[in-house]
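Below is one structure; the comments refer to it alone.
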2 protein chains.
Amino acid sequence: MIHATNIIGNKWAPIIIYVLEERKLRFGQLAVFVEGISRKVLTEQLKELEQKKVVKRESFAEIPPRVEYSLTEWGKELLPILSQLCTWGANISIDSDDEKNIELQKRV
Amino acid sequence: MIHATNIIGNKWAPIIIYVLEERKLRFGQLAVFVEGISRKVLTEQLKELEQKKVVKRESFAEIPPRVEYSLTEWGKELLPILSQLCTWGANISIDSDDEKNIELQKRV
DNA sequence: AAAAATGGTAACCTCGATGTAACTAATGGA
DNA sequence: TCCATTAGTTACATCGAGGTTACCATTTTT
């Protein structure tokens, strides 16, 4: 669990993984799809995800350079879990009213 | 997804949730079970998890005081997902050798 | 009279994650 | 000759999560 949350626990990693879902994207495309991320941080995150074997990096010796990123098989296995997490996160307060601290809930 | 990773994306939250699994624990017990956490940060995390409806707090007007923490129903729904995440995190490099960057893998 | 037990709070510090802006190398094209 | 393109890198600044230590209120026990 610690290992997994180390990977998906930072600000951008889950978004990058989601954006990369089933496709291969170039660095510049990622920088557009992952809205708000700086190129520097995108580079760092991709390096980290590559080193952790979640993302695969393919570099082509062309001018101008081309680098393509995609999920590894292991990285793809994260998608359904991320999806569950997403569903869970959206379910808040649908069934949390049966708790005893209803009085406190007006403050939230 | 952003909401969910906001909750489980910090250092202690997943551990607290796991430790709290099916039982009710007092503050002092939590401070022992969640090894390494400071009382200050434990307080902060519990407040945050309570506010986010993952954890329920019950305070008893006794001397010395007694406060019990447990998971809400919604919080309990997180357990199987956390468990999957844990399994996924442990699976690394079992099936990641079929990637092309085998040469690079010796460096990891 | 003082210590023990409990669940905190307050003031302060550190460090890592993230952000900003400018810069680079290599080549093709105007 | 100079600009555009691409995938970064470098040198900063900032911001918040987390850590440390000391302290508090209340009652029972010694």
Side-chain angles (χ1 to χ4, degrees), chain A residues 1-20 23-52 54-70 101 104 107, chain B residues 1-20 23-52 54-71 101 104:
Chain A
M1 178 173 50
I2 287 92
H3 188 205
T5 55
N6 264 355
I7 293 176
I8 66 157
N10 63 35
K11 184 171 175 180
W12 297 107
I15 302 172
I16 292 173
I17 293 170
Y18 223 76
V19 158
L20 226 39
R23 53 190 169 180
K24 206 170 273 194
L25 288 180
R26 302 181 58 171
F27 181 85
Q29 297 175 303
L30 271 170
V32 173
F33 282 121
V34 183
E35 289 177 46
I37 199 172
S38 68
R39 297 169 97 62
K40 188 203 112 187
V41 174
L42 180 55
T43 306
E44 286 170 358
Q45 294 291 312
L46 287 171
K47 259 185 199 154
E48 201 180 319
L49 289 172
E50 189 199 355
Q51 188 218 330
K52 287 173 174 166
V54 176
V55 157
K56 180 167 57 170
R57 186 190 122 113
E58 296 174 278
S59 171
F60 301 87
E62 303 173 359
I63 298 290
R66 177 160 61 105
V67 181
E68 289 181 345
Y69 293 92
S70 56
N101 43 355
L104 301 174
R107 311 186 59 250
Chain B
M1 179 172 50
I2 287 92
H3 187 206
T5 55
N6 264 356
I7 293 177
I8 65 157
N10 62 35
K11 184 171 176 181
W12 297 107
I15 301 172
I16 292 174
I17 293 170
Y18 223 77
V19 159
L20 228 38
R23 53 190 168 179
K24 207 169 272 195
L25 289 180
R26 301 180 60 170
F27 181 85
Q29 297 175 304
L30 271 169
V32 173
F33 281 122
V34 183
E35 289 177 45
I37 198 172
S38 68
R39 297 168 97 64
K40 187 202 112 189
V41 174
L42 180 55
T43 305
E44 287 171 358
Q45 294 292 311
L46 287 171
K47 258 186 200 155
E48 202 179 317
L49 289 172
E50 188 199 356
Q51 188 217 330
K52 286 172 175 166
V54 176
V55 158
K56 179 169 56 170
R57 188 190 121 114
E58 297 175 277
S59 171
F60 301 86
E62 302 172 0
I63 297 290
R66 178 161 59 105
V67 181
E68 290 181 346
Y69 292 93
S70 57
L71 295 182
N101 42 355
L104 300 174

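Lettering follows sequence order; numbering is per chain, from 1. For the numbers below, each heavy atom of this structure counts, side chains included, while hydrogens, waters and symmetry mates do not. Predicted, not measured: the structure shown is a model, and the values here were computed from it.
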**Asked** Checking all strands, does A:Gln29 fall into the base, sugar-phosphate, or nothing category for heavy-atom contacts under 4.0 angstrom?
**Response**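 If one applies the 4.0 Å heavy-atom cut-off, A:Gln29 turns out to touch nothing in the nucleic acid.
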**Message:** Any base atoms under 4.0 Å from A:Tyr69, or only sugar-phosphate, or nothing? Heavy atoms, all strands.
**Reply:**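 Answer is sugar-phosphate: A:Tyr69 comes under 4.0 Å of backbone atoms only.
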**Request:** Report the distance from atom OH of A:Tyr69 to atom CG of A:Leu46, rounding to the nearest 0.5 Å.
**Result:**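 Going from the OH atom of A:Tyr69 to the CG atom of A:Leu46 covers 5.0 Å.
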**Request:** Output the distance between atom CG (A:Leu49) and atom CG (A:Leu42), rounded to the nearest 0.5 Å.
**Result:**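 If I round to the nearest 0.5 Å, the distance is 9.5 Å.
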**Request:** Measure from the side chain of B:Val41, starting at C-beta and using heavy atoms only, and say which of C:dT20, C:dG8, D:dG19 lies closest.
**Result:**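 My answer, after comparing the listed nucleotides, is D:dG19.
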Heavy-atom pair of closest approach, residues [X] and [Y]:
X: A:Gln29; Y: A:Lys24; result: OE1-O, 4.5 Å
X: B:Asn6; Y: B:Lys52; result: O-NZ, 3.7 Å
X: A:Thr5; Y: B:Pro14; result: CG2-CG, 4.0 Å
X: A:Arg39; Y: A:Ala31; result: NH1-CB, 3.8 Å
X: B:Trp12; Y: B:Gln45; result: CB-CG, 4.2 Å

Atom-pair distance ([atom1] on [X]; [atom2] on [N]), nearest Å:
X: A:Leu46; N: D:dG8; atom1: CG; atom2: P; result: 8 Å
X: A:Leu42; N: D:dA7; atom1: CG; atom2: P; result: 10 Å
X: A:Ile37; N: D:dA7; atom1: CD1; atom2: P; result: 15 Å
X: B:Lys47; N: D:dG18; atom1: NZ; atom2: P; result: 15 Å
X: B:Phe60; N: C:dG7; atom1: CZ; atom2: P; result: 11 Å
X: B:Glu62; N: C:dG8; atom1: CD; atom2: P; result: 13 Å

**Asked** Closer to the 5' end of DNA chain C via nearest nucleotide, is it B:Lys40 or A:Gln45?
**Response**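 The residue whose closest nucleotide sits nearer the 5' end is B:Lys40.
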Within the sub-3.5 Å range, which N or O atoms of nucleotides 2-6 of chain D have a protein N or O partner, and how far apart are they?
| unit_1 | atom_1 | unit_2 | atom_2 | d |
| --- | --- | --- | --- | --- |
| D:dT6 | O3' | A:Arg26 | NH2 | 3.2 |
| D:dT6 | O3' | A:Pro65 | O | 2.9 |

**Item:** Of residues 7-19 of chain B, the positions that come close to DNA chain D - non-hydrogen atoms, cut-off under 4.0 Å
**Value:**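 Close to the strand are B:Asn10, B:Lys11, B:Trp12.
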**Message:** Heavy-atom count check: over 12 atoms from other residues, nucleotides or ligands less than 6.0 Å from B:Glu62 CD?
**Reply:**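 Yes, the 6.0 Å shell around CD holds more than 12 heavy atoms from other groups.
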